[in-house]
Engineer: 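To start, I am sharing the structure in question, which I have written as structure tokens.
Just so we're on the same page: letters track the sequence lines, and every chain starts at 1. Just so we're clear, the structure is a prediction, and the values are computed from it rather than from any experiment.
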Protein chains: 2
Amino acid sequence: METITREGLIRQLKEKGLKITPQRIAIIEALVENRLLHPGTNLIHAEARKKTKNISLSTVYATLGEFSQQGLIKSLEFDRMENRYEGDLEEHINLVCRHCGKITDYHIPPSIEPKDIARRAGFLVMDARMEYYGYCRDCTMKRKDLNVARQPKKGVA
Amino acid sequence: METITREGLIRQLKEKGLKITPQRIAIIEALVENRLLHPGTNLIHAEARKKTKNISLSTVYATLGEFSQQGLIKSLEFDRMENRYEGDLEEHINLVCRHCGKITDYHIPPSIEPKDIARRAGFLVMDARMEYYGYCRDCTMKRKDLNVARQPKKGVA
DNA sequence: ATCTAAACTGGAATGATTCCGAAATGGAAA
DNA sequence: TTTCCATTTCGGAATCATTCCAGTTTAGAT
Ligand SMILES: [Mn+2]
Ligand SMILES: [Mn+2]
Ligand SMILES: [Zn+2]
Ligand SMILES: [Zn+2]
């Protein structure tokens, strides 16, 4: 099981010593209920508002950031488009429609032949993006502080 | 061959009826010379400036955008980090270091066992990102204007 | 009931990217 | 070669998702 649930998330918050607040409950419910949509910050904000009066957007940002950092959910980051949140932690391919923005999960069978898989799902593959994030050899060597650091904003080398 | 070269890019511009300007030449040279770094807009701007006096940042943005749209290069888009440009059009995995931001190419052998490959390259995989961009079944159906449209900024469904 | 570190808040700041109208120019046509 | 105009360039303002901040509230331990 790798899919988020209301109770599962609450339990994890407790385990990690994070506080259970009305705002967090509302956000959790919004996340779980809309997980198939890979909801963005604004949808979560709107849905959470229906459950508790006045949740600030700042809180939604902070909370989704915290949850992602803690590994409760994953954030799918885009350029000039709000980040989207993933409630399925299992490794799979997200089929992102360039036209309507819909993101669909495609769970990969043991062995892959990526393009075919997508085609079989009726998805017209125009471009692929596969990335691994982690630490390069150099950084692994001099690993002084491999705290989960955000990617540097500037500088290329 | 799938790697950009000065002459190749110039030829493609001509083929597509785009004008050859000093600014574009400078940007092309900057792209080719730094292709291994997956340079960002600012590096390209800085390098291009060395070749022709006064290239505006707007022009660099416009040019890299145009080149990407035409398929001469690919843009790797990130959240809160400047986009990076790819001069190797062959399908491969980009190993993105969360620590120093370095992006390394890893060309995939016929059949993949992704994680192992990365490990063999000395890269510590912490997270994976694999995405296909294209058109979902629904959009392919009612494909009226499948022009390369930018992803909608808002709205989830 | 008390207390404090954590969480929340609204508004300001950030920064990469886009947008804009005006000026410059590549290169086709004469 | 000169003319001409669609394309390109320019710089400054605008955009907008996200982050930051300083003050206030609160969950939950004691
Ligand atoms: Mn998914
Ligand atoms: Mn690459
Ligand atoms: Zn679609
Ligand atoms: Zn590194």
Engineer: Send over the distance from B/Leu64 CG to D/dT8 C1', rounded to a whole Å.
Structural biologist: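 Answer to the nearest Å: 14 Å.
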
Engineer: Going by salt bridge (charged side-chain N to carboxylate O under 4.0 Å, His left out), name the pairs with one or both residues in residues 32-46 of chain A, residues two or more places apart or in two chains.
Structural biologist: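 Listed by first then second residue: A/Glu33-A/Lys51.
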
Engineer: Rounded to whole angstroms, how far apart are CD1 on A/Ile44 and P on D/dT18?
Structural biologist: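 That distance rounds to 13 Å.
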
Engineer: Which is more 5' along DNA chain C, the nucleotide nearest B/Pro22 or the one nearest B/Thr41? Just name the residue.
Structural biologist: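 The answer here is B/Thr41.
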
Engineer: Scan the side chains in residues 9-19 of chain B for donor-acceptor partners under 3.5 Å anywhere in the protein, sequence neighbours excluded, and list what turns up.
Structural biologist:
from, atom 1, to, atom 2, distance (Å)
B/Arg11, NH1, B/Glu15, OE2, 3.0

Engineer: Rounding to an integer number of Å, can you tell me how far B/Arg84 CZ sits from C/dA16 P?
Structural biologist: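 It works out to 13 Å between those atoms.
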
Engineer: Between A/Asn83 and D/dA17, is there a side-chain N or O to OP1/OP2 distance below 4.0 Å?
Structural biologist: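 No.
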
Engineer: Quantify the bending of the helix from C/dA1-D/dT30 to C/dA30-D/dT1 as the angle between its end axes, each fitted on five pairs, to 10°.
Structural biologist: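 One end's axis against the other's: 30°.
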
Engineer: What residues form a side chain to side chain donor-acceptor pair (under 3.5 Å) with B/Thr59, not counting sequence neighbours?
Structural biologist: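 Residues passing side chain to side chain donor-acceptor pair (under 3.5 Å) with B/Thr59: B/Ser56.
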
Engineer: C/dC8 phosphate, OP1 or OP2: any side-chain N/O from A/Arg24 under 4.0 angstrom?
Structural biologist: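 The answer is yes; a side-chain N or O of A/Arg24 sits under 4.0 Å from OP1 or OP2.
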
Engineer: How close or far is atom P of C/dT17 from atom CZ of B/Phe78, stated in whole angstroms?
Structural biologist: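 The answer, rounded to whole Å, is 11 Å.
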
Engineer: For nucleotides 28-30 of chain D, which of its nitrogen or oxygen atoms have a protein nitrogen or oxygen under 3.5 Å away, and what is each distance?
Structural biologist:
from, atom 1, to, atom 2, distance (Å)
D/dG28, OP1, A/Ile20, N, 2.8

Engineer: Do any side-chain nitrogens or oxygens of B/Tyr61 fall under 4.0 Å of OP1 or OP2 in C/dT18?
Structural biologist: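 Checking B/Tyr61 against C/dT18: no side-chain N or O falls below 4.0 Å of OP1 or OP2.
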
Engineer: Counting side-chain heavy atoms from CB outward, which of D/dT18, C/dT17, D/dT9 is closest to B/Thr63?
Structural biologist: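 So the side chain of B/Thr63 is nearest to D/dT9.
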
Engineer: Write out a two-atom table: protein N or O, nucleotide N or O from nucleotides 9-11 of chain C, distance below 3.5 Å.
Structural biologist:
from, atom 1, to, atom 2, distance (Å)
C/dT9, OP1, A/Asn54, O, 2.7
C/dT9, OP2, A/Ser56, N, 3.1
C/dT9, OP2, A/Ser56, OG, 3.4
C/dT9, OP2, A/Thr59, OG1, 2.5
C/dG10, N7, A/Ser58, OG, 3.1
C/dG10, O6, A/Ser58, OG, 3.4
C/dG11, O6, A/Ser58, OG, 3.0

